[in-house]
Amino acid sequence: MRHLSRTLAAAAAAVTVLTASGCALFGVPTEDSFPDDYEQALVDTLDASEIVVQHDAAVDGWERASNIPPRDAQVEITPRASEDGAAALLDELLDVAATHSQPLPSLMFDIPDLGVSFTFAGDFEATDAHDALSVAFTDGWGRVSAFGGDDGMSTSLFGGADTVDDAKALLAADLPASVTADVNYSSIVVGELTSASNITAQESLVLQAAIDVAAALEGMNEQLPTADGSATFEVNSSVHADSGELVHVSVEVRADGLNDAESEDRPAIAEEMGYTDFCHDVEAAAVEGAGETELSFRCVATHVDID
């Protein structure tokens, strides 16, 4: 195992790096996030691990200025490692955290050859941590972030699928309740869809209806009213205790003579150019794709509503 000294050297030279406690980063005093002996114990654990290829964890490595978010220590794991091996390393790190009565600092584990990535930070029950880890090793998901706090574990899930049917199967997978109980964010990239770069959800798993909507929007770019036009689509979904399931579609159109017009003139110009009707056609396709799920829709030209 070796540290990421070479690969990080160029990046470290290009920015002002964190130094001893109390020094300034971009003029803002830094804070010592964790005791040095705890950080050293974590570094020693990673150094001793047979499955760790390299890492950049270091004493004072999590030190930060108050105006920037905490950093992740990056840990590369050998592709020969199994889920059990990764869980054993995580247990060792959690044991170190418990011994020092500290939360786990942010650690981003990566197995590049397997397309697996998992990030952990905070206080965890070992069983919850294992549940989150198991999702990262589930075909299709691949990337999980888990943050443990007083209210339990919050997770973010990132997945990919080749087809719409694969995406729906991914959503139907039996994931641990501890992971799905408090999803902060989720995203699925569907390889065959160009209507949305990814399909996302806030505070829940992506809805199957959102996948259907993204599929229903396929080919809409071929219906643009002007040859120089373009449209980008975002499909988001959420589940709320009060209003239930919701899919939101956001469309932004661009065309010469439209986006560079004065904002108060854009709705009228959009109607003259045919983009208002285009937005209505997109909305109709989205409504059909959403089925019984409630849909919200917005179509803009440089932040100005044109539908």
Student: Compute the centroid of each ring, for F158 and then for Y185, and state whether the two points are separated by less than 6.0 Å.
Tutor: yes
Student: Does T200 offer a backbone N or O that forms a donor-acceptor pair with the side chain of S237 under 3.5 Å?
Tutor: yes
Student: Are a donor atom and an acceptor atom from the side chains of S250 and H248 found within less than 3.5 Å of each other?
Tutor: no
Student: Side chains of Q202 and N236, heavy atoms from C-beta outward: is any pair under 4.5 Å?
Tutor: no
Student: Can you hop from F34 to V96 via hydrophobic side chains spaced under 4.5 Å?
Tutor: yes
Student: Could you verify whether a donor N or O on one side chain and an acceptor N or O on the other, from T302 and N259, lie under 3.5 Å apart?
Tutor: yes
Student: Under 4.5 Å between any side-chain heavy atoms of L42 and P105, yes or no?
Tutor: yes
Student: Tell me if the CD atom of E288 is crowded by more than 12 foreign heavy atoms within 6.0 Å.
Tutor: no
Student: Answer yes or no: is there an ion pair linking R254 with D228, defined by an N-O contact shorter than 4.0 Å?
Tutor: no
Student: More than 12 non-hydrogen atoms from neighbouring residues, nucleotides or ligands closer than 6.0 Å to CG on D151, yes or no?
Tutor: no
Student: Could you tell me whether a side-chain N or O of Y275 sits under 3.5 Å from a main-chain N or O of L224, the two making a donor and an acceptor?
Tutor: no
Student: Please assess K168 against D212 for the test salt bridge (Lys or Arg N to Asp or Glu O under 4.0 Å), listing each intermediate value before the final yes or no.
Tutor: CA-CA 9 Å; K168 291 180 179 180; D212 290 332; 2.6 Å; yes
Student: With distance as the sole test, does T163 use its side chain to make a donor-acceptor pair with the main-chain N or O of D166 at under 3.5 Å?
Tutor: yes
Student: Under 4.5 Å between side-chain heavy atoms, counting indirect links through other Ile/Leu/Val/Met/Phe/Trp/Tyr residues: same cluster for W141 and V189 or not?
Tutor: no
